[in-house]
Asks: 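The structure is given below, and queries will be raised subsequently.
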Protein chains: 2
Amino acid sequence: MEDWRKRVGENVRRLRLARGLSQERLAFDSKIDLTYLGGIERGRRNPSLMVMVRIADALGEDLKALIA
Amino acid sequence: MEDWRKRVGENVRRLRLARGLSQERLAFDSKIDLTYLGGIERGRRNPSLMVMVRIADALGEDLKALIA
DNA sequence: ATGTGACTTTTAGTCCGTA
DNA sequence: TTACGGACTAAAAGTCACA
């Protein structure tokens with residue numbers, strides 16, 4: 001597995017669902033657009049460091065959890 | 001410590017120096033601009049996921065090592 | 001509640017200098 | 001060998017209408 005965008009996306013989705021959150025809700029909490037978050041989860045975006053930090057924060061996770 | 005740009009920058013510099021590489025060399029290996037790599041090491045840049053992956057690869061490290 | 005394409009705006013990322 | 005600035009170009013950030 002070498003596609004890191006996909007990997008991050010899967011982690012975001014997994015952690016989000018584990019908390020019972022909708023994309024809409026996580027998008028709101030991390031202050032990014034709903035459709036943009038969807039793109040990240042599907043591995044179609046190449047998010048910046050700070051965007052990933054915002055998502056990790058909103059999930060109550062360390063950044064490490066997104067690239068595990 | 002909450003400034004992730006700084007944190008990543010310090011990790012990149014530490015790992016680079018541990019391998020005795022110049023910025024020029026690491027920039028070349030990771031296919032990013034020399035001046036941009038300098039900016040990342042100084043914590044002034046917000047690199048994308050794929051740029052961090054390229055740097056980690058060039059360092060022979062996992063991405064995790066950059067955000068440790 | 002999520003996926004997608006076609007956007008516009010902002011910033012990442014390059015390339016040129018200088019010190 | 002590294003820091004930093006300015007001017008650029010490529011790509012990320014962010015939005016929208018529709019399925």
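Every chain is numbered from 1 and lettered A, B, ... according to where its sequence line falls, protein lines coming before strand lines. What's counted below: heavy atoms across the whole structure, side chains too, no hydrogens, waters or symmetry copies.
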Asks: Side chains of A/D33 and A/L37, heavy atoms from C-beta outward: is any pair under 4.5 Å?
Replies: no
Asks: Specify the residues of residues 26-39 of chain B, ordered by number, for which at least one heavy atom lies under 4.0 angstrom from an atom of DNA chain C.
Replies: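 Contacts with DNA chain C under 4.0 Å: B/K31, B/I32, B/D33, B/T35, B/Y36.
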Asks: Hydrophobic clustering (ILVMFWY, side-chain heavy atoms < 4.5 Å, transitive) - are B/M50 and B/I67 grouped together?
Replies: yes
Asks: Can you see which heavy atom on B/A68 is nearest to which on B/R7, and at what distance?
Replies: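 Scanning both residues, the minimum pair turns out to be O-NE, 3.3 Å.
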Asks: If a pair satisfies side chain to side chain donor-acceptor pair (under 3.5 Å) and one of its residues is in residues 58-68 of chain A, list it, with sequence neighbours excluded.
Replies: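 Counting only pairs at least two positions apart or across chains, the side chain to side chain donor-acceptor pair (under 3.5 Å) contacts touching residues 58-68 of chain A are A/R19-A/E61.
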Asks: Within the 4.0 Å heavy-atom criterion, would you say B/R54 contacts the bases, only the backbone, or no part of the nucleic acid?
Replies: nothing
Asks: Would you kindly give the CD1-to-P distance between A/I40 and D/dG14, to the nearest whole Å?
Replies: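 Rounded to whole Å, this separation is 9 Å.
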Asks: Should the side chain of A/R45 and the base of D/dG14 be counted as holding a donor-acceptor pair, with the cut-off at 3.5 Å?
Replies: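 Yes, a donor-acceptor pair under 3.5 Å.
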Asks: Without decimals, in angstroms, what is the distance between B/M52 CE and C/dA12 P?
Replies: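 Checked: the CE to P distance equals 12 Å.
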Asks: Taking the nucleotide of DNA chain D with the nearest heavy atom to each, does B/E24 or B/S48 sit closer to the 5' end?
Replies: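 The residue whose closest nucleotide sits nearer the 5' end is B/E24.
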Asks: So, OP1 or OP2 of D/dC4: does either fall under 4.0 Å of a side-chain N or O from B/R42?
Replies: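 Checking B/R42 against D/dC4: at least one side-chain N or O falls below 4.0 Å of OP1 or OP2.
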Asks: So if I take the C1' atoms of five pairs at each end of the helix from C/dT2-D/dA19 to C/dA19-D/dT2 and get each local axis, what angle do the two axes make, rounded to 10 degrees?
Replies: 40°
Asks: Spell out, yes or no, whether A/L15 and A/W4 are grouped together once hydrophobic residues are joined by side-chain heavy atoms under 4.5 Å, including indirect joins.
Replies: yes
Asks: Between residues 60-68 of chain A and DNA chain C, which residues have a heavy-atom gap below 4.0 Å?
Replies: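 Those residues whose heavy atoms fall under 4.0 Å from DNA chain C, taken from residues 60-68 of chain A, amount to none.
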Asks: Has the side chain of B/R16 got a donor or acceptor atom that lies under 3.5 Å from a matching backbone atom of B/L21?
Replies: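 Answer holds: yes.
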Asks: Classify the nucleic acid contact of A/R16 as base, sugar-phosphate or nothing, counting any heavy atom under 4.0 Å across all strands shown.
Replies: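 Sugar-phosphate contact only - A/R16 comes under 4.0 Å of backbone atoms but never of a base.
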Asks: Could you walk me through whether B/L66 and B/L59 pass the side-chain contact (heavy atoms from CB on, under 4.5 Å) test, one step at a time?
Replies: CA-CA 10 Å; B/L66 297 198; B/L59 285 167; 4.2 Å; yes
Asks: Check the pair B/R42, B/R13 against side-chain contact (heavy atoms from CB on, under 4.5 Å), reporting the backbone distance first and the verdict last.
Replies: CA-CA 9 Å; B/R42 276 172 269 127; B/R13 178 160 293 179; 4.3 Å; yes
Asks: Under the rule for side-chain contact (heavy atoms from CB on, under 4.5 Å), what residues qualify as partners of B/A58, not counting sequence neighbours?
Replies: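 In terms of side-chain contact (heavy atoms from CB on, under 4.5 Å), with neighbours along the sequence ignored, B/A58 is linked to B/L26, B/D29, B/S30.
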Asks: Tell me: CZ of A/R44 to C1' of C/dA6, nearest whole Å?
Replies: 14 Å
Asks: Roughly, in whole Å, what's the span from CG in B/L49 to C1' in D/dA11?
Replies: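 One finds 14 Å between C1' of D/dA11 and CG of B/L49, rounded.
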Asks: May I ask whether B/Y36 and B/I55 are part of the same hydrophobic cluster, defined by side-chain heavy atoms of I, L, V, M, F, W, Y residues being less than 4.5 angstrom apart, directly or through others?
Replies: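 In one cluster with B/Y36: B/I55, yes.
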Asks: Compare side-chain N and O positions of B/R13 against OP1 and OP2 of D/dT1 and report whether any pair is under 4.0 Å apart.
Replies: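 B/R13 to D/dT1 OP1/OP2: no side-chain N or O under 4.0 Å.
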Asks: Can you tell me how far P of C/dA12 sits from CG of B/N46, to the nearest Å?
Replies: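 From B/N46 CG to C/dA12 P: 5 Å.
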Asks: I need the CD-C1' distance between A/E41 and C/dT2, as an integer number of Å.
Replies: 9 Å
Asks: Taking side chain to side chain donor-acceptor pair (under 3.5 Å) as the cut-off, I'd like each qualifying pair that reaches into residues 45-55 of chain B, sequence neighbours left out, listed once.
Replies: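 For residues 45-55 of chain B, and leaving out neighbouring residues, the side chain to side chain donor-acceptor pair (under 3.5 Å) pairs sorted by first residue read A/N46-B/S48, A/S48-B/N46.
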Asks: Which heavy-atom pair separates B/L49 from B/L63 by the least distance, and what is that distance?
Replies: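 Looking at all heavy atoms of both residues, the closest pair is CD1-CD2, 3.8 Å.
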